[in-house]
2 protein chains.
Amino acid sequence: MVRQKIMNAGLRVTPQRMVILDAIQGMNNHPTADDIYLAIHPANPGISMATVYKTLETYVDSGLLQKVYTREGQMRYDPRIDNHGHIYCTNTGEIIDFYDDELNKIITAFFRKKKVSNIRISNISLQINALKTDPGKSISIK
Amino acid sequence: MVRQKIMNAGLRVTPQRMVILDAIQGMNNHPTADDIYLAIHPANPGISMATVYKTLETYVDSGLLQKVYTREGQMRYDPRIDNHGHIYCTNTGEIIDFYDDELNKIITAFFRKKKVSNIRISNISLQINALKTDPGKSISIK
DNA sequence: GTTGCTGCAAATGTTTTGCAATCAG
DNA sequence: CTGATTGCAAAACATTTGCAGCAAC
């Protein structure tokens with residue numbers, strides 16, 4: 001399944017690429033390159049940091065992953081590639097996915113009726129900055 | 001006027017702070033720390049890079065500036081602190097401000113009617129990824 | 001066989017830090 | 001006067017690069 005995804009993206013299938021793609025798909029925390037390296041290192045001590053970086057960049061270029069820019073400055077990677085937003089918790093540092101179909105439709109409709117000139121919009125996402133009231137519990141928007 | 005803003009933020013007024021705040025307010029390109037350093041350097045060769053970084057960070061903490069996270073990884077600073085969005089031009093690398101009052105109202109209304117639990121939303125902004133059709137010309141959304 | 005991928009170590013670029021001297025209030 | 005701010009140089013950190021060897025197709 002991971003192998004298929006890599007092939008479909010037109011990339012060569014290597015053991016390193018399979019391990020890395022598999023790892024990031026099992027995480028839902030928007031890991032950094034280092035997070036991924038640490039996660040795979042015990043079982044794959046031979047895979048280098050440089051390979052992790054190169055592979056992630058390759059995946060972003062191929063559309064298998066998205067990059068998420070953070071307040072802290074280092075890049076994070078996101079296995080979800082649909083048009084979803086992110087909730088940045090100011091106090092806990094968490095980045096939580098946010099998706100709402102209705103809101104997506106509203107925003108899409110809004111831009112469709114606007115006169116947009118000289119650009120082709122490829123994707124629109126929402127960035128929500130928020131304070132987590134109780135850091136121990138999870139949040140919800142329904 | 002710059003002096004007043006610094007005082008109102010509860011900060012000590014120093015020549016360096018005045019120069020830096022004045023410089024960034026005259027730019028509307030979301031400058032990096034380096035951009036600001038280069039802009040002020042000719043007239044103020046004594047102001048160090050470290051001071052530029054410390055001062056910008058102080059301003060962000062005090063709410064005088066916003067940080068903008070970029071695809072390229074380095075931080076940019078934005079003198080606009082209202083709830084505005086950014087258009088990231090994939091091909092030119094530009095970051096253009098986007099503000100629409102109607103859209104702001106739509107999004108605010110949307111979240112007001114939602115059940116939001118365990119967070120207090122402080123600010124919501126839109127990130128628009130787009131391709132500039134003609135890199136020479138400017139873009140518009142009306 | 002050819003092309004692209006990997007790992008290493010070194011390089012790069014940005015941002016932060018420790019600390020003594022200086023300045024604002 | 002006192003505590004905050006500055007400048008310097010060094011350090012820290014994330015990410016990229018060059019290149020020789022190796023692996024995928």
Task: side chain to side chain contact (heavy atoms under 4.5 Å, CB included) partners of B/Ser48, counting only residues at least two apart - done: B/Ala50, B/Thr51
- [ ] Please name all residues satisfying side chain to side chain contact (heavy atoms under 4.5 Å, CB included) with A/Arg12, sequence neighbours left out, ordered by chain then number.
- [x] A/Arg17
In chain order, what residues pass the side-chain hydrogen bond (donor to acceptor under 3.5 Å, both in side chains) check against [X], with sequence neighbours excluded?
| X | result |
| --- | --- |
| A/Ser140 | B/Ser117 |
| A/Tyr53 | none |
| B/Gln4 | none |

Task: Leading and trailing nucleotides of DNA chain D with any atom under 4.0 Å from heavy atoms of chain B - done: D/dG3 to D/dC8
Open item on the list: Checking B/Phe111 now: which residues fulfil ring-ring contact (aromatic ring centres under 6.0 Å, His included) with it, not counting sequence neighbours?
Closed with: A/Phe98
TODO: Can you sort out the partners of A/Tyr69 under ring-ring contact (aromatic ring centres under 6.0 Å, His included), two or more places apart, ordered by chain and number?
DONE: B/Tyr88
Open item on the list: Please report the end-to-end axis angle for the helix from C/dG1-D/dC25 to C/dG25-D/dC1, five pairs per end, rounded to 10 degrees.
Closed with: 50°
Open item on the list: I need the residues from residues 9-42 of chain A with at least one non-hydrogen atom less than 4.0 Å from DNA chain C; give them sorted by number, or say none.
Closed with: A/Arg12, A/Thr14, A/Gln16, A/Arg17
Distance-only donor-acceptor hits, side chain of residues 29-39 of chain B, under 3.5 Å, sequence neighbours excluded:
from    : atom 1 : to      : atom 2 : distance (Å)
B/His30 : ND1    : B/Ile95 : O      : 3.0
B/His30 : NE2    : B/Asp78 : OD2    : 3.3
B/His30 : NE2    : B/His86 : NE2    : 3.3
B/His30 : NE2    : B/Asp97 : OD1    : 2.8
B/Thr32 : OG1    : B/Asp34 : N      : 3.4
B/Thr32 : OG1    : B/Asp35 : N      : 3.0
B/Thr32 : OG1    : B/Asp35 : OD1    : 3.4
B/Thr32 : OG1    : B/Asp35 : OD2    : 3.1
B/Asp35 : OD2    : B/Thr32 : N      : 2.9
B/Tyr37 : OH     : B/His41 : ND1    : 3.3

Can you check nucleotides 17-22 of chain C for protein contacts, nitrogen or oxygen pairs under 3.5 Å, and list what you find?
from   : atom 1 : to      : atom 2 : distance (Å)
C/dG18 : O6     : B/Lys54 : NZ     : 3.4

